[in-house]
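Source: prediction; values computed, not measured.
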Amino acid sequence: MSLISWAYETSERTLASVLPRRWAHVQGVALKARELSLVAGVDAPLLEAAAVLHDVGYAPELKKTGFHPLDGAYFLRSIEAPSRLVNLVAHHSCAIREARLRGLEDQLAAFVDEEGPVRDCLWMCDLTTTPDGTPTDFNSRVAEIKQRYGPEDLVTTFITSAEPDLTAAIARTAQRLARATGV
């Protein structure tokens with residue numbers, strides 16, 4: 001079985017029935033990942049697998065810390081997923097900033113943040129897809145997150161502090177895509 005097929009089966013089994021909206025989101029993120037396959041190159045299957053699994057840690061039965069990137073990474077590591085996949089899930093969408101706010105930075109540090117094109121693509125895919133799985137722009141997505149959580153929530157504090165890093169990752173991905181397509 002391919003990595004992508006395995007990732008879809010794992011994500012669907014874990015999310016679809018208990019969190020259907022989250023399942024829709026990860027499918028939309030994975031679709032966007034396929035669109036960025038030129039940027040990811042030989043790592044395109046890894047990018048798509050990470051996209052469909054990036055929110056697996058939201059599944060109630062996987063809750064260990066209550067921080068979904070970390071819970072997802074722990075789960076994937078426990079089922080012997082490839083280490084790069086585990087690390088991408090752990091660090092998706094600038095998770096380190098939220099981990100610091102939650103006092104979980106040391107736990108997240110056990111996973112490597114590869115800081116490259118695949119990671120940047122994953123961040124872009126996540127932050128340009130609505131909770132329902134449809135495409136959106138980064139600013140609208142950030143505004144939606146802030147509205148959903150409210151001004152006093154830790155997630156709002158996190159996303160506000162992460163905006164420059166997320167914007168930079170999206171810009172780098174757009175530049176790489178332009179080079180890859182010659183546009």
query = Given Trp23 and Val52, is the side chain to side chain contact (heavy atoms under 4.5 Å, CB included) satisfied, shown in steps?
reply = CA-CA 8 Å; Trp23 171 235; Val52 80; 4.1 Å; yes

inquiry  = As a quick check of understanding, evaluate side chain to side chain contact (heavy atoms under 4.5 Å, CB included) for Val29 and Lys32, giving each step before the final call.
reply    = CA-CA 5 Å; Val29 173; Lys32 188 150 297 193; 5.7 Å; no

key: Residue pair Glu61, Thr14: steps toward the side chain to side chain contact (heavy atoms under 4.5 Å, CB included) verdict   = CA-CA 9 Å; Glu61 78 259 17; Thr14 309; 3.8 Å; yes

Tell me which donor-acceptor pairs under 3.5 Å the side chains of residues 163-175 have, and how far apart each pair is, sequence neighbours excluded?
from   : atom 1 : to     : atom 2 : distance (Å)
Glu163 : OE2    : Lys146 : NZ     : 2.9
Asp165 : OD2    : Arg97  : NE     : 2.8
Asp165 : OD2    : Arg97  : NH2    : 2.9
Thr167 : OG1    : Glu163 : O      : 2.8
Arg172 : NE     : Asp120 : OD2    : 2.7
Arg172 : NH2    : Asp120 : OD1    : 3.1
Arg172 : NH2    : Asp120 : OD2    : 3.3
Thr173 : OG1    : Asp120 : O      : 3.4
Thr173 : OG1    : Ala169 : O      : 2.9

Would you mind writing out the side-chain donor-acceptor pairs for residues 75-83 within the sub-3.5 Å range, not counting sequence neighbours?
from  : atom 1 : to    : atom 2 : distance (Å)
Ser78 : OG     : Phe75 : O      : 2.6

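In this view, Glu9 satisfies the salt bridge (charged side-chain N to carboxylate O under 4.0 Å, His left out) rule with no residue, not counting sequence neighbours. Shown here are the side chain to side chain contact (heavy atoms under 4.5 Å, CB included) partners of Pro131, two or more places apart in sequence or in another chain: Arg21, Arg141, Glu144, Arg148. Take Ser5 and apply the side chain to side chain contact (heavy atoms under 4.5 Å, CB included) test, not counting sequence neighbours, and it matches Met1, Ser2. Judged as a side chain to side chain contact (heavy atoms under 4.5 Å, CB included), and not counting sequence neighbours, the contacts of Pro60 are Val18, Leu19. Not counting sequence neighbours, Phe67 has no partner by the ring-ring contact (aromatic ring centres under 6.0 Å, His included) test. Residues satisfying the side chain to side chain contact (heavy atoms under 4.5 Å, CB included) test with Gln147, not counting sequence neighbours, are none. For the ring-ring contact (aromatic ring centres under 6.0 Å, His included) test, residues two or more places apart in sequence or in another chain that qualify with Phe111 are Tyr74.
Residue Leu122 comes nearest to Leu47 through the heavy atom pair N-CD1, 3.6 Å, listed as atom of the first residue, atom of the second, then distance. Counting all heavy atoms, side chain and backbone alike, Val89 lies closest to Ala73 at CG1-N, 4.0 Å. Nearest heavy atoms, Ala95 versus Ala90: CB-O, 3.4 Å. The two residues Ala51 and Ala30 make their nearest non-hydrogen contact at CB-CA, 3.6 Å. Nearest heavy atom pair, residue Cys125 against residue Leu36, reads SG-CD1, 3.6 Å. Contact record, Ser93 with Leu127: OG-CD2, 3.1 Å, taken as the closest heavy-atom pair.
Counting only heavy atoms from C-beta outward, the side chains of Thr134 and Thr130 approach each other to under 4.5 Å. Under the 4.5 Å side-chain criterion, counting only non-hydrogen atoms from C-beta, Leu108 is not in contact with Asp113. By the 4.5 Å heavy-atom criterion applied to side chains, Arg102 and Thr65 are not counted as neighbours. For the pair Val26/Tyr58, no side-chain contact is recorded, criterion being any heavy-atom separation below 4.5 Å from C-beta on.
Screening residues 150-159 for side-chain hydrogen bond (donor to acceptor under 3.5 Å, both in side chains) gives no qualifying pairs among residues at least two apart or on separate chains. Pairs passing the ring pair (Phe, Tyr, Trp, His ring centres under 6.0 Å) check and including a residue from residues 125-152, sequence neighbours excluded, do not occur. Within the structure, the ring pair (Phe, Tyr, Trp, His ring centres under 6.0 Å) test picks out the following pairs touching residues 82-108 (sequence neighbours left out): His54-His92, His68-His92.
A distance of 13.0 Å separates NZ of Lys63 from CG of Leu70, quoted to the nearest 0.5 Å. Atoms CG and OG1, from Leu15 and Thr10 in turn, are 10.5 Å apart once rounded to the nearest 0.5 Å. Distance check, rounded to the nearest 0.5 Å: OG of Ser37 to CD of Glu48 gives 8.5 Å.
Between the side chain of Asp137 and the main chain of Ser140, a donor-acceptor pair closer than 3.5 Å is present. Between the side chain of Thr181 and the backbone N or O of Leu177 there is at least one donor-acceptor pair closer than 3.5 Å. Within the 3.5 Å criterion, the main-chain N or O of Phe158 finds a donor-acceptor partner in the side chain of Ser161.
Residues Leu154 and Ile96 are members of one and the same hydrophobic cluster, defined by side-chain heavy-atom contacts under 4.5 angstrom among Ile, Leu, Val, Met, Phe, Trp and Tyr. In the hydrophobic cluster analysis, where Ile, Leu, Val, Met, Phe, Trp and Tyr join through side-chain heavy atoms closer than 4.5 angstrom, Leu38 is grouped apart from Trp123. Using a 4.5 Å cut-off between side-chain heavy atoms of Ile, Leu, Val, Met, Phe, Trp and Tyr, with links allowed through other members, Val155 and Leu104 fall into the same hydrophobic cluster. Under the 4.5 Å side-chain heavy-atom criterion for grouping Ile, Leu, Val, Met, Phe, Trp and Tyr, Leu3 is connected to Val118 within one hydrophobic cluster.
In summary, the side chains of Gln27 and Tyr8 do not present any donor paired with an acceptor at a separation below 3.5 Å, with no hydrogens or angles considered.
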